[in-house]
Amino acid sequence: MLHLARQCCNLSSLDPAASSARPDRPRDLELTDLAERSVRLTWIPGDDNNSPITDYIVEFEEDKFQPGVWHNHSRYPGSVNSAVLRLAPYVNYQFRVIAVNEVGSSYPSLPSERYQTNGARPEINPTGVQGAGSSKNNMVISWTPLNATQAYGPKLKYIVKWRRKDTRESWSNVTVNGDVSKYTVTQTPTYVPYEIKVQAENEFGRAAEPDVVIGYSGED
């Protein structure tokens, strides 16, 4: 009988480990300390289900560029339930939190209330600027557009400039909308080097003067 009782007790001591599961989702998200470029997010942890919470993942969604799409914002140790989040200008933020333990990730929390930051002029210009001909008489200028947290304001546009290298000719330019990622210059001489610049602009002003990139018109 003693042997059976000891066996019963040993089995029961294994039950918590056997029942470990993903954590319950965090709840009751709250935004406080609202500032120009930051906000404090606080949440109540869910049950860890017998496996300690190791991390919290904070995600955000914005409703201007990609509404309904959640992006990773930051990650925090499982010992905290509050964090100050760095924010970009002109983003209508909404946050949610996911708890992580050794078993897996919780379902996301219900979203927080929204918080809209004020706008500012862009701090960066488009990256990946290049110029190359798609035919012998043109040059396609292309770039990687700014994303939702880089636009910094409404009416995002790009000022595209070009001129032949090593000449004294003035810059040609065109302004295109912020969802455009290329512009084709036509009637160019064959395989000639050009200086190219692409500058971001929104309702609040322009980004700093961009670096010059060398591109080439098309070859025969």
Side-chain angles (χ1 to χ4, degrees), residues 36-37 57-75 85-96 114-220:
E36 187 80 5
R37 297 290 177 264
I57 300 169
V58 176
E59 298 182 332
F60 76 93
E61 180 262 357
E62 54 79 31
D63 61 359
K64 294 184 180 69
F65 289 78
Q66 291 182 297
V69 178
W70 290 90
H71 307 271
N72 284 335
H73 183 280
S74 45
R75 194 178 188 109
L85 310 181
R86 293 175 60 88
L87 307 179
Y90 196 63
V91 178
N92 195 21
Y93 283 100
Q94 183 173 235
F95 301 99
R96 69 184 187 184
R114 286 197 178 274
Y115 180 54
Q116 169 76 61
T117 53
N118 294 328
R121 69 182 183 89
E123 289 188 356
I124 64 171
N125 287 303
T127 57
V129 177
Q130 54 186 320
S134 61
S135 70
K136 68 178 182 179
N137 295 319
N138 76 7
M139 178 178 64
V140 180
I141 301 173
S142 60
W143 58 91
T144 301
L146 305 190
N147 64 33
T149 60
Q150 296 168 335
Y152 281 20
K155 299 180 181 178
L156 178 66
K157 298 181 184 299
Y158 302 116
I159 303 166
V160 184
K161 296 183 178 181
W162 67 94
R163 69 180 180 187
R164 284 187 293 178
K165 188 174 181 291
D166 299 326
T167 69
R168 295 188 176 183
E169 66 184 24
S170 59
W171 290 92
S172 298
N173 69 85
V174 65
T175 300
V176 300
N177 289 334
D179 58 351
V180 174
S181 61
K182 64 176 62 176
Y183 179 79
T184 301
V185 180
T186 59
Q187 299 180 340
T188 60
T190 303
Y191 201 63
V192 170
Y194 278 82
E195 295 178 317
I196 300 166
K197 297 191 290 185
V198 181
Q199 186 176 27
E201 178 183 44
N202 66 21
E203 192 175 78
F204 294 92
R206 295 180 180 180
E209 188 68 18
D211 294 333
V212 172
V213 173
I214 304 301
Y216 286 85
S217 56
E219 301 180 68
D220 279 330

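Only a predicted model underlies this, so the values are computations on that prediction, with no experimental measurement involved.
Tyr216 and Tyr191 have parallel rings, their planes meeting at less than 30° on a 0 to 90° scale where 60° marks the start of perpendicular.
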- Query: Can Arg206 and Glu201 be said to form a salt bridge (Lys or Arg N to Asp or Glu O under 4.0 Å), step by step?
  - Reply: CA-CA 4 Å; Arg206 295 180 180 180; Glu201 178 183 44; 3.2 Å; yes

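Taking CZ from Phe95 and CG from Leu85, the interatomic distance works out to 5.0 Å, rounded to the nearest 0.5 Å. Of the inter-residue distances, the one linking Thr117 atom OG1 with Arg37 atom CZ reads 6.0 Å to the nearest 0.5 angstrom. Here CG of Leu87 is found 5.5 Å from NE2 of His73. Values are rounded to the nearest 0.5 Å.
Counting heavy atoms of neighbouring residues, nucleotides and ligands inside a 6.0 Å radius, atom CD of Gln187 does not exceed 12 of them. In this structure, Lys182 places its NZ atom where only 12 or fewer heavy-atom neighbours from other residues, nucleotides or ligands lie under 6.0 Å away.
The heavy-atom pair separating Gly119 from Phe204 by the smallest distance is CA-CE1, 3.5 Å. Of all heavy-atom pairs spanning Gly153 and Asn202, the tightest one is N-ND2, 3.3 Å.
For Asn177 and Lys157, the side-chain atoms include at least one donor-acceptor pair closer than 3.5 Å. Side-chain polar atoms of Asn137 and Ser135 form no donor-acceptor pair below 3.5 angstrom.
Electrostatic pairing of Lys155 and Glu203 counts as a salt bridge here, judged by a charged N lying under 4.0 Å from a carboxylate O. Between Glu209 and Lys197 a salt bridge is recorded (basic side-chain N to carboxylate O distance below 4.0 Å).
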